[in-house]
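Okay, so here's the structure we're looking at.
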Number of protein chains: 2
Amino acid sequence: MTIANRKERQKEELRSKILEVAKELFIERGFEETSIRNIAERIEYSPTTIYLYFKDKDDIFYALHQEGFILLNQYFRVLQNVEDPFERLKAINRAYIDFALENREFYDLMFISRSPMNALNRDDEKWEEGNKAFGALFGTVNECIQKGYFKGMDPEILSFTCWSMVHGICALEVRGRCSVISEANLENLSHKSAAMVIEMLDRMHLDRPQ
Amino acid sequence: MTIANRKERQKEELRSKILEVAKELFIERGFEETSIRNIAERIEYSPTTIYLYFKDKDDIFYALHQEGFILLNQYFRVLQNVEDPFERLKAINRAYIDFALENREFYDLMFISRSPMNALNRDDEKWEEGNKAFGALFGTVNECIQKGYFKGMDPEILSFTCWSMVHGICALEVRGRCSVISEANLENLSHKSAAMVIEMLDRMHLDRPQ
DNA sequence: TATTTTACTTTACACCGTTAAGTAAATTAT
DNA sequence: ATAATTTACTTAACGGTGTAAAGTAAAATA
């Protein structure tokens, strides 16, 4: 069955090649400016060949968005060594923002663009990548609560709120809405704002005076 | 000059009509699915006529995004009567989220979509609408600081952080990333999270214990 | 050797934003 | 009153898009 194996392998290789050049292109010129025909040209196959490997354009970008999550998990993985869950929570926030700033197109695809979500909704599947990444945050928040942090707060809402705080920073940055900020503060704006968010978290878990 | 006036008026009317049906269409079927040709068909003019009134598609959506800001300001205006700046700040956050949830397509256009920003960058103009809306927030935050709230924090970074916190909630909601949340919490998620953000603000301005 | 399957291409459809050239009516100038 | 020009629009066209249907040559199987 070695011939069939080779064929299988070659199919897999072409599929990978499609994703590889799709990634190249969408990092080069942004995801919205990457067309099936561009990809086809670069892999030196006809455009319709791509449809033998992916259902549609959204399906390609769904696959790339999965790659993005693998990359994001690499940013997170080292943080599993941080013992204190609250310190880990803060580190996750910082890592998330670093990921967004260092991989803008991926970030856009994963958390802003509609394309990969269309691929899911098409055959109404669950957003597993999102669930898993959120799960990591959720777990850390739960640990925090178990250790007495954030007394009386709903862990899931708190997790979502943590996420949305850093997402807000990244989304405004990635989609070019930060021009309202003065030049002095524009430098490292995301990190400055992230520091403030983290200070808020710091104050959240302290018992309220009075 | 009454004939020239009438002509002027009629031109203005067609311009308004274009924006009117563009708005209809983009609220009906979303902004990305609204084409120049769709608009042309509905106003019963040829597609190219639209280019006599707007430079390009982005220019149309820039104009609509301006309308969105007028609408947002209506949500904000009543809040100018709130005496206490800190209460006003919290009310602004709530109003912002209400606006986003009640006018999703507008929100998308104003704070997520690239289209209106392209129109600005084309003739490198400033984002006046954004500046003005942010200015209102910034002013309120400054008042807060003047009254002793948020001691020692940078007002601009704090304003941006307030904005990004609520934007994060709205952007995740509008772009369909909330499916990671359990059904129980999915109901009114944005408002629940907003309440938590506001609680964070409440705790921010208290002097740190110890 | 004949048949079927595989992997791909060609062609085509129905859209898209946008530009260039053409046109009929209204206005202005002579 | 007639000719020239401007106005407001349309038709035609260019070069792009995603995607489906039909065709094809080679390989695998019968």
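Labels below follow one simple rule: chain letters A, B, ... track the order of the sequence lines, proteins then strands, and each chain is numbered from 1. Quick note: numbers below take in every heavy atom, side chains included, and nothing from hydrogens, waters or symmetry partners.
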key: Selection residues 33-56 of chain B - residue pairs positive for ring-ring contact (aromatic ring centres under 6.0 Å, His included), sequence neighbours left out   = none
inquiry  = Please report the distance, rounded to the nearest Å, between CZ in B/Arg9 and C1' in D/dT7.
reply    = 17 Å
task = Provide, to the nearest angstrom, the distance between the CZ atom belonging to A/Arg37 and the P atom belonging to C/dC16.
result = 15 Å
message = List the residues meeting ring pair (Phe, Tyr, Trp, His ring centres under 6.0 Å) with B/Tyr107, not counting sequence neighbours, and say none if there are none.
response = B/Tyr96, B/Phe111, B/His167
inquiry  = Among residues 39-52 of chain B, which ones have heavy-atom contacts with DNA chain D below 4.0 Å?
reply    = B/Tyr45, B/Ser46, B/Thr48, B/Thr49, B/Leu52
query = Residues two or more places apart in sequence or in another chain: which of them pass salt bridge (Lys or Arg N to Asp or Glu O under 4.0 Å) with B/Glu128?
reply = none
For residues 17-33 of chain B, run the donor-acceptor check on the side chains, cut-off 3.5 Å, and write out each pair with its distance to 0.1 Å, sequence neighbours left out.
residue	atom	partner	partner atom	Å
B/Lys23	NZ	B/Glu67	OE1	3.2
B/Glu24	OE1	B/Arg42	NH1	3.1
B/Glu28	OE1	B/Arg42	NH2	3.3
B/Glu28	OE2	B/Arg42	NH1	2.8
B/Arg29	NH2	B/Asn38	OD1	3.0

message = Can you list everything that forms a side chain to side chain contact (heavy atoms under 4.5 Å, CB included) with A/Arg122? Sequence neighbours excluded, please.
response = A/Lys55, A/Asp56, A/Asp59, A/Ala119
key: By side chain to side chain contact (heavy atoms under 4.5 Å, CB included) - contacts of B/Leu201 (at least two apart)   = A/Met200, B/Phe86, B/Leu89, B/Asn93, B/Phe150, B/Cys162, B/Met165
task = Apply side-chain contact (heavy atoms from CB on, under 4.5 Å) to the pair A/Phe160 and B/Arg177, showing each step before the final yes or no.
result = CA-CA 11 Å; A/Phe160 178 77; B/Arg177 259 63 176 194; over 6 Å; no
message = Using the salt bridge (Lys or Arg N to Asp or Glu O under 4.0 Å) criterion, which residues pair with B/Glu87? Sequence neighbours excluded.
response = B/Lys90
inquiry  = For A/Ser179, give me all partners under side chain to side chain contact (heavy atoms under 4.5 Å, CB included), at least two apart in sequence or on another chain.
reply    = B/Trp127
request  = Look at the side-chain N and O atoms of B/Tyr53 and state whether any lies under 4.0 Å from the OP1 or OP2 oxygen of D/dC9.
outcome  = yes
query = Are A/Asn38 and D/dT17 close enough that a side-chain N or O sits under 4.0 Å from OP1 or OP2?
reply = yes
key: Listed partners of A/Lys57 passing side chain to side chain contact (heavy atoms under 4.5 Å, CB included), at least two apart   = A/Ile36, A/Phe61
query = Near DNA chain D, which residues from residues 11-33 of chain A have a heavy atom under 4.0 Å away?
reply = none
key: Close approaches to DNA chain C from residues 56-64 of chain B, in residue order (heavy atom, under 4.0 Å)   = B/Asp56, B/Lys57
